[in-house]
Amino acid sequence: MKRNILITGGAGFIGSHVVRLFVNKYPEYNIVNLDKLTYAGNLANLKDIENKPNYTFIKADIADLDEMRRIIKEHEITGIIHLAAESHVDRSIKDPFTFARTNVMGTLALLQAAKEYWESLPEKYEGKLFYHISTDEVYGALELTDPEGIESPFTTTASSSEHHLAFGTEFFLETTKYNPHSPYSASKASSDHFVRAYHDTYGMPTLVTNCSNNYGPYQFPEKLIPLFINNICNRKPLPVYGKGENVRDWLFVEDHARAIDLIFHKGKVADTYNIGGFNEWKNIDLIKVIIKTVDRLLGNPEGYSDELITYVTDRAGHDLRYAIDSRKLQKELGWEPSLQFEEGIEKTVRWYLDNQEWMDNITSGDYERYYTEMYQNR
Ligand code: NAD
Ligand code: DAU
């Protein structure tokens, strides 16, 4: 079947991997990438596919309802994979309004435009899907019951590494009650509710997935892993928030893109799937792995960059632990992460070292000024 698929936020980190996967894997689909190109959007992320015949880029703002109406109608969109968002927690603490505008009002505008177009067609919602990409942060924070970590109860091909720990006995399930703490997660939670409301009220075929922390190539260097790789290369301090005890569950971005592909095609309409790495790390332990890997690949002696670790004031409202139970997705659709964490980190560090020009283009100019000011204020 020929499908015209709108992917929003396709010039960002995860979106660019999803666009690349769909453009290459489905030559019979028309892929329309809609992105406002905020500071986080970068068309250099998609250089390798920009001339493919089944790919179109449109610069637009999801919060512009008339534009969304026009684009969805003109391109006869039948499926939407919605990733466009403001995504950085620290920015949401400084500027919550931008997060409400894009993440809440933008999602609502997209839902409304899709509803109007799909309801105007003779077959209405048949063969249509609005797939919303969300985060585990909507569930709030889990207790850190064992700061040393215990053997994780989950095993996958990806988790046979030496470090296979859980830092508590509770995990986020699809049924876990929403309890967001940051303006970012509050805005994502609100957008999730609107998506489900469009299903329950108007019968729109929707789906929501909530994923844990992604890492890999093309991530904007304000996020922990690319920021620290870049700072080590430039002998800059590595700002560890608080005591570095917070725990995150890390997933390689291409595994997330594979899950999105599977769920878009096989997921149950109106359902929710959690996506996670079965891969919990305390920040400080992860940071030590990053330092070790970068130093080794740069030919520095072991321990050379340890002195860059700098403990700074904690993030306000910093969630202690995220850990996803994604066994529903594993059982129902057969997905699991493919890459062992050590492989993923090695691949990621190598990519940033080999793509210094990509990094330099982002970290010069406005972003350099923003980061310097942000760091000075800590
Ligand atoms: P990102 O910040 O790298 O990319 C976001 C993209 O959205 C950018 O290209 C930006 O230009 C675009 N955008 C922002 N505002 C827009 C607007 N008003 N109109 C159109 N485009 C706009 O984000 P990411 O890390 O790739 O995250 C993508 C999605 O996945 C987000 O919805 C995020 O909440 C979710 N998510 C991210 C992670 C993660 O670890 N990064 C984990 C789980 C879920
Ligand atoms: O859990 C999914 C979420 O993961 C996504 O929804 C968000 O879009 C994404 O940004 C990410 O949120 P985090 O806040 O967990 O990611 P970040 O990379 O900003 O931080 C990871 C951890 O590292 C967190 O505990 C804060 C800490 N940190 C971060 C930075 C940038 C530091 O200690 N120092 C830093 O400089």
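The shown structure was predicted, so the numbers you read here are calculated from the model rather than taken from an experiment. All ligand and atom numbering here is 1-based and tracks the order in the structure.
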Query raised in the report: Does an N or O from Arg315, backbone or side chain, lie closer than 3.5 Å to an N or O of ligand 2?
Result: yes
**Report entry** ligand 1-proximal atoms of His88, by part, heavy-atom distance under 4.0 Å
**Finding:** neither
Report summary line: The option among Arg321, Arg91, Glu137 carrying the non-hydrogen atom nearest to atom 13 (P) of ligand 2 is Glu137
Report summary line: At under 4.0 Å between heavy atoms, what of Ser134 touches ligand 1? The answer is backbone
Query raised in the report: Transitively linked via ILVMFWY side-chain contacts under 4.5 Å: Leu111 with Val104?
Result: yes
Report task. For ligand 1, find out whether one of its N or O atoms is nearer than 3.5 Å to an N or O atom of Ile62. Result -> yes
Query raised in the report: Looking only at heavy atoms, what is the nearest atom pair of Arg321 and Glu170, with distance?
Result: NH1-O, 2.9 Å
Query raised in the report: Looking at Asp271, Asn274, Thr272, which hits side-chain hydrogen bond (donor to acceptor under 3.5 Å, both in side chains) with Lys328?
Result: Asp271
Query raised in the report: Hey, mind stepping through Tyr241 and Asp90 against side chain to side chain donor-acceptor pair (under 3.5 Å) and telling me if it holds?
Result: CA-CA 11 Å; Tyr241 296 169; Asp90 292 329; 2.7 Å; yes
Query raised in the report: For residues Asn54 and Tyr29, is any side-chain donor paired with an opposing acceptor at under 3.5 Å?
Result: no
Requested in this report: Indicate yes or no: does an N/O atom of Arg101 lie under 3.5 Å from an N/O atom of ligand 1?
Outcome: no
**Report entry** Any N/O pair Glu86/ligand 1 closer than 3.5 Å
**Finding:** no
Requested in this report: Mind checking whether Val89 contacts ligand 2 via backbone (N, CA, C, O), side chain (CB onward), both or neither, at a 4.0 Å heavy-atom cut-off?
Outcome: side chain
Query raised in the report: Any non-hydrogen atom of His318 lying under 4.0 Å from ligand 2?
Result: yes
**Report entry** Any N/O pair Leu227/ligand 2 closer than 3.5 Å
**Finding:** no
Report task. Go through ligand 2 atom by atom and flag the ones less than 4.0 Å from a non-hydrogen atom of His88. Result -> 19 (O)
Query raised in the report: Does ligand 1 have an atom that lies less than 4.0 angstrom from a heavy atom of Gly106?
Result: no
**Report entry** Nitrogen or oxygen of Cys211 less than 3.5 angstrom from that of ligand 2
**Finding:** no
Query raised in the report: Would you say ligand 1 has an N or O under 3.5 Å from any N or O of Lys188?
Result: yes
Query raised in the report: When you look at Lys128 and Glu119, which way does the salt bridge (Lys or Arg N to Asp or Glu O under 4.0 Å) test go after all the steps?
Result: CA-CA 11 Å; Lys128 313 294 187 303; Glu119 286 188 350; over 6 Å; no
Query - Any Ser212 heavy atom less than 4.0 Å from ligand 1 - result: yes
Query raised in the report: Can you tell me the protein heavy atom closest to atom 4 (O) of ligand 1 and the distance?
Result: Gly12 CA, 3.4 Å
Report summary line: Heavy-atom closest pair (Val349 atom, Ile229 atom, distance to 0.1 Å) is CG2-CD1, 3.8 Å
Report summary line: among protein heavy atoms, the one nearest atom 37 (C) of ligand 1 is Ile14 CD1, 3.4 Å
Query raised in the report: Counting both backbone and side chain atoms, is some N or O of His256 under 3.5 Å from an N or O of ligand 1?
Result: no
Report summary line: If you scan protein heavy atoms around atom 11 (O) of ligand 1, the nearest is Asp35 OD1, 2.6 Å
Requested in this report: Report the part of Leu224 (side chain from C-beta onward, or backbone N, CA, C, O) that has a heavy atom under 4.0 Å from ligand 2; answer both or neither where that applies.
Outcome: both
Query raised in the report: Can you say whether the rings of Trp281 and Phe341 are parallel (under 30°), tilted (30 to 60°) or perpendicular (over 60°)?
Result: tilted
Query raised in the report: Side chains of Ser305 and Asp295: is there a donor and an acceptor less than 3.5 Å apart?
Result: yes
Query raised in the report: Is there a donor in the side chain of Ser185 and an acceptor in the side chain of Tyr178, or the other way round, less than 3.5 Å apart?
Result: no
Query raised in the report: Which protein non-hydrogen atom lies closest to atom 3 (O) of ligand 1, naming both residue and atom, and how far is it?
Result: Phe13 N, 3.0 Å
Report task. Grab the two heavy atoms, one from Val89 and one from Ser182, that are nearest each other, plus how far apart they are. Result -> CG1-CB, 4.0 Å
Query raised in the report: Looking only at distance, does Cys211 have an N or O less than 3.5 Å from an N or O of ligand 1?
Result: no
Report task. Please test Gln112 against Tyr198 for side chain to side chain donor-acceptor pair (under 3.5 Å), starting from the C-alpha separation and ending with a verdict. Result -> CA-CA 9 Å; Gln112 180 62 21; Tyr198 266 62; 2.7 Å; yes
Query - Option passing side-chain contact (heavy atoms from CB on, under 4.5 Å) with Phe130 (candidates Val269, Leu207, Leu110) - result: Leu110
Report summary line: Checking heavy-atom distances from atom 35 (C) of ligand 2 to each of Trp250, Tyr241, Tyr215, the winner is Tyr241
Query raised in the report: Do any nitrogen or oxygen atoms of Leu34 lie less than 3.5 angstrom from nitrogen or oxygen atoms of ligand 1?
Result: no
**Report entry** Residue pair Ser191, His132: steps toward the side chain to side chain donor-acceptor pair (under 3.5 Å) verdict
**Finding:** CA-CA 9 Å; Ser191 65; His132 177 59; 3.2 Å; yes
Query - Residue, atom name and distance, where the atom is the protein heavy atom closest to atom 18 (N) of ligand 1 - result: Asp61 OD1, 2.9 Å
Requested in this report: Mark up the atoms of ligand 1 that fall under 4.0 Å of a heavy atom belonging to Leu83, in ascending order.
Outcome: 28 (C), 29 (C), 31 (C), 32 (O)
Query - Tyr184 touching ligand 1 at heavy-atom level, < 4.0 angstrom - result: yes
Requested in this report: Determine the minimum heavy-atom distance between Gly168 and Ile150, stating which atoms define it.
Outcome: O-CD1, 4.4 Å
Report task. Look only at interatomic distance and state if Arg248 has a nitrogen or oxygen under 3.5 Å from any nitrogen or oxygen of ligand 2. Result -> yes
Query raised in the report: For His75 and Asn4, does a side-chain donor sit closer than 3.5 Å to a side-chain acceptor?
Result: no
Report task. Please confirm whether Ser87 comes within less than 3.5 Å of ligand 1 when only nitrogen or oxygen atoms on both sides are compared. Result -> yes
Query raised in the report: Can you tell me if Ala60 has a non-hydrogen atom under 4.0 Å from ligand 1?
Result: yes
Query raised in the report: Where on Thr102 is there a heavy atom closer than 4.0 Å to ligand 1, on the side chain, on the backbone, on both, or on neither?
Result: side chain
Query raised in the report: Does any N/O atom on Asn246 come nearer than 3.5 Å to any N/O atom on ligand 2?
Result: no
Query raised in the report: Is Ile133 near ligand 1, meaning one of its heavy atoms is under 4.0 Å from it?
Result: yes
Report task. Run the numbers on Lys188 and Glu137 for salt bridge (Lys or Arg N to Asp or Glu O under 4.0 Å), then give the verdict. Result -> CA-CA 8 Å; Lys188 289 297 290 186; Glu137 301 201 12; over 6 Å; no
Report task. Flag the pair Tyr39 / Phe220 as yes when their ring centroid distance falls below 6.0 Å, and as no otherwise. Result -> yes
Report task. Give yes or no for whether the N/O distance cutoff of 3.5 Å, strictly under, is met between Asn214 and ligand 1. Result -> yes
Requested in this report: Could you tell me whether Lys36 and ligand 1 have an N or O pair separated by under 3.5 Å?
Outcome: yes
Query - Backbone of Glu280 reached by a side-chain donor or acceptor of His163 within 3.5 Å - result: yes
Query raised in the report: Could an N or O of ligand 2 be found under 3.5 Å from any N or O of Asn283, whether backbone or side chain?
Result: yes
Query raised in the report: How does Leu37 reach ligand 1, by side chain, by backbone, by both or by neither, if only non-hydrogen atoms under 4.0 Å count?
Result: backbone
Report task. Kindly indicate whether a cation-pi arrangement holds for Arg20 with Tyr55, taking the cut-offs as under 6.0 Å to the six-membered ring centre and within 45° of the axis. Result -> no
